[in-house]
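Below is one structure, written out as structure tokens; comments come after it.
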Number of protein chains: 2
Amino acid sequence: MGTMADVARKTYGQFCGLAHALDVVGERWTLLIVRELGTGPKRYTDLADALTGIGTSLLATRVRQLETDGVIQRRLAVGQPGSAVVYELSEAGRELALALIPLATWGARHQMTDADIGREAFRAEWLLSFLAADLTGDTDPGPDAVYEFHIGDSSACLQVRGGRMRVAPGPAATPPDVTVRAAAPTVAALLGRQLTLSDAVRSDQVDISGDAAATDALVALIESHLALS
Amino acid sequence: MGTMADVARKTYGQFCGLAHALDVVGERWTLLIVRELGTGPKRYTDLADALTGIGTSLLATRVRQLETDGVIQRRLAVGQPGSAVVYELSEAGRELALALIPLATWGARHQMTDADIGREAFRAEWLLSFLAADLTGDTDPGPDAVYEFHIGDSSACLQVRGGRMRVAPGPAATPPDVTVRAAAPTVAALLGRQLTLSDAVRSDQVDISGDAAATDALVALIESHLALS
DNA sequence: CTGGATCCAAGCTGATACTG
DNA sequence: CAGTATCAGCTTGGATCCAG
């Protein structure tokens, strides 16, 4: 008789785009799964690890539902060590991830204070996705380069290539052009405008090293991000 | 000892804009309340009426929480008949409403089929907000005019003024320049591209009457909306 | 008209155990 | 590694009735 999981999902029952979107991605954890997959395919345990508190059972349910709704796809990764199955966004899922950027920006501007950073989980790629999203389109991203960030004990990298920015979790695959190091509270102070980037660099709270031209471009990018956020 | 309502709300505990946004507006019904207030201040019963199924107790809870989070404001309406208290979006709330447009657009494009319209609740302003949001910026909205829509038994109007569009529920306060009438399934067929606007007009499934120049502008608006959606 | 109170059902958390 | 199964305890949500 199967698992009997389809007992008619609860919907808002409204002929409205927002209501239909929320019928699919409005439950707890669902949009955070989409966010996680926004920086590339991930395995089940990667998701479980990033989403502290979700519990294996609920994660399995959410992932299954997102798959049947066509937002994500299950795929058998090729040639990788360890187990093979990864989840990745479908085309619709990638569009959804883009549609979330304004919401995330709103949350960062109105609901996120630097006081939170001490108590909360933190991943460098969460901030970088942000910076990248904010700057895509309106700003010159500078020359092609790979920037590697180490914020607290989390690292992520930002690749600029042909005028487009891309974020990936973890250290860069190839040696980065620029490496940035900072403590999480320092980043919080920057975001909260208690500290300027130039002051942080001068006082060694932020260390930026590598190719000079790329460094200058990165500083300009970050400063324009801070200016408009 | 009061109501003991503040027993530490459940949060995702992540230093991330999206997670913080969802901490505030991620619970069931919350974003639909924001959507409802996006077309102007509403009374408690207006909200309860639009949000079929929410239940009075939960609506009160949500509204209270949104108020303490600074998304909406309670206000005593002046000189109106009946009871006085209305809810309206704060500045942060208006920004949130704008941030929801891409999500609503995604839902409409990927999760909403015309087959739903028969079973679902429907309000003309839900569609119009959409059209207005989609077209703001990139398209010439045409001359100043008031368009009144009657779709099924729901009506709403679209005001174009100085190049800006505004949507309001219900019939227009002043006599409209153009009146549009259609049945809900006809609209669904248009959205689903089973029917073109010109065919619908020719076959009297859609009736557009009023000022000729404004009518032409409206047809152009709707067709460009349908083209890009 | 604006909610509060209440009761029951459904969903989520957290922990652990187990399988291919 | 990638899940499924279970299960107790708690939190949310739904539905109905009631009060200022």
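Below, chains carry the letters A, B, ... as their sequence lines are ordered, and counting in each starts from 1.
Going from atom CZ of B/Phe130 over to atom CG of A/Leu18 covers 9.0 Å, rounded to the nearest 0.5 Å.
Rounded to an integer number of Å, the gap from B/Tyr12 OH to C/dT13 C1' is 13 Å. B/Leu22 places its CG atom 17 Å from the C1' atom of D/dT12, with the value rounded to the nearest Å. Taking atom CG of B/Leu59 as the reference point, atom P of C/dG4 lies 10 Å away to the nearest angstrom. Atom CG in A/Leu32 sits roughly 11 Å away from atom P in C/dT13 (whole-Å rounding). To the nearest angstrom, P of D/dA2 lies 11 Å from CG of A/Leu76. Between A/Asp23 atom CG and D/dG13 atom P the separation is 15 Å, expressed in whole Å. Atoms CD1 (B/Ile72) and P (C/dT2) sit 13 Å apart, rounded to a whole Å. Protein atom CD1 of B/Ile33 is 11 Å distant from nucleotide atom P of D/dG13, rounded to whole Å.
Ranking C/dC1, D/dG3, D/dT12 by closeness to the B/Thr45 side chain, first place goes to C/dC1. With D/dG3, C/dC1, D/dT11 as the choices, the nucleotide that has an atom nearest any side-chain atom of B/Lys10 turns out to be D/dT11. Comparing C/dT13, C/dG3, D/dG3 by their closest approach to the side chain of A/Ala60 singles out D/dG3. Ranking D/dG3, C/dG3, D/dA2 by closeness to the A/Tyr87 side chain, first place goes to D/dG3. Among the nucleotides C/dT13, D/dC1, C/dG3, the one closest to the side chain of B/Val85 is C/dG3.
Ion pair A/Lys42/A/Asp49 not flagged as a salt bridge, since none of the NZ, NE, NH1 or NH2 atoms sits closer than 4.0 Å to an Asp/Glu carboxylate oxygen. Between B/Glu88 and B/Arg75 a salt bridge is recorded (basic side-chain N to carboxylate O distance below 4.0 Å). Remark: A/Arg94 engages A/Glu91 in a salt bridge, criterion side-chain N to carboxylate O under 4.0 Å.
Using the six-membered ring where Trp is involved, B/Tyr44 and B/Tyr87 have ring planes that are tilted, between 30° and 60° apart.
Side chain of A/Trp106 to backbone of B/Ala92: a donor-acceptor contact under 3.5 angstrom is found. With hydrogens and angles disregarded, no donor-acceptor distance shorter than 3.5 Å links the side chain of B/Asp177 to the backbone of B/Gly210. A/His225 places no side-chain N or O within donor-acceptor distance of the main-chain N or O of A/Leu131, the cut-off being under 3.5 Å. Judged by distance alone, with hydrogens and angles left aside, the side-chain atoms of A/Thr39 form no donor-acceptor pair with the main-chain N or O of A/Pro169 at under 3.5 Å.
Considering only side-chain N and O atoms, B/Trp29 lies under 4.0 angstrom from the phosphate OP1 or OP2 of D/dG14. Contact annotation: B/Arg74 does not reach the phosphate of C/dT2 (side-chain N/O to OP1 or OP2, under 4.0 Å). Contact between the side-chain N/O atoms of A/Arg28 and the OP1/OP2 oxygens of C/dT13 is found at a separation under 4.0 Å. Phosphate contact (OP1/OP2 of C/dG3, side-chain N/O of B/Arg43, threshold under 4.0 Å): absent.
In the helix from C/dC1-D/dG20 to C/dG20-D/dC1, the rotation axis of the first five pairs and that of the last five pairs differ in direction by 40°, rounded to 10 degrees.
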Under 4.0 Å protein heavy-atom contact, by nucleotide of nucleotides 15-20 of chain D - B base, S sugar-phosphate only | BBB---
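None of B/Val63, B/Val86, B/Leu47 except one satisfies the side chain to side chain contact (heavy atoms under 4.5 Å, CB included) rule with B/Leu37; the exception is B/Leu47.
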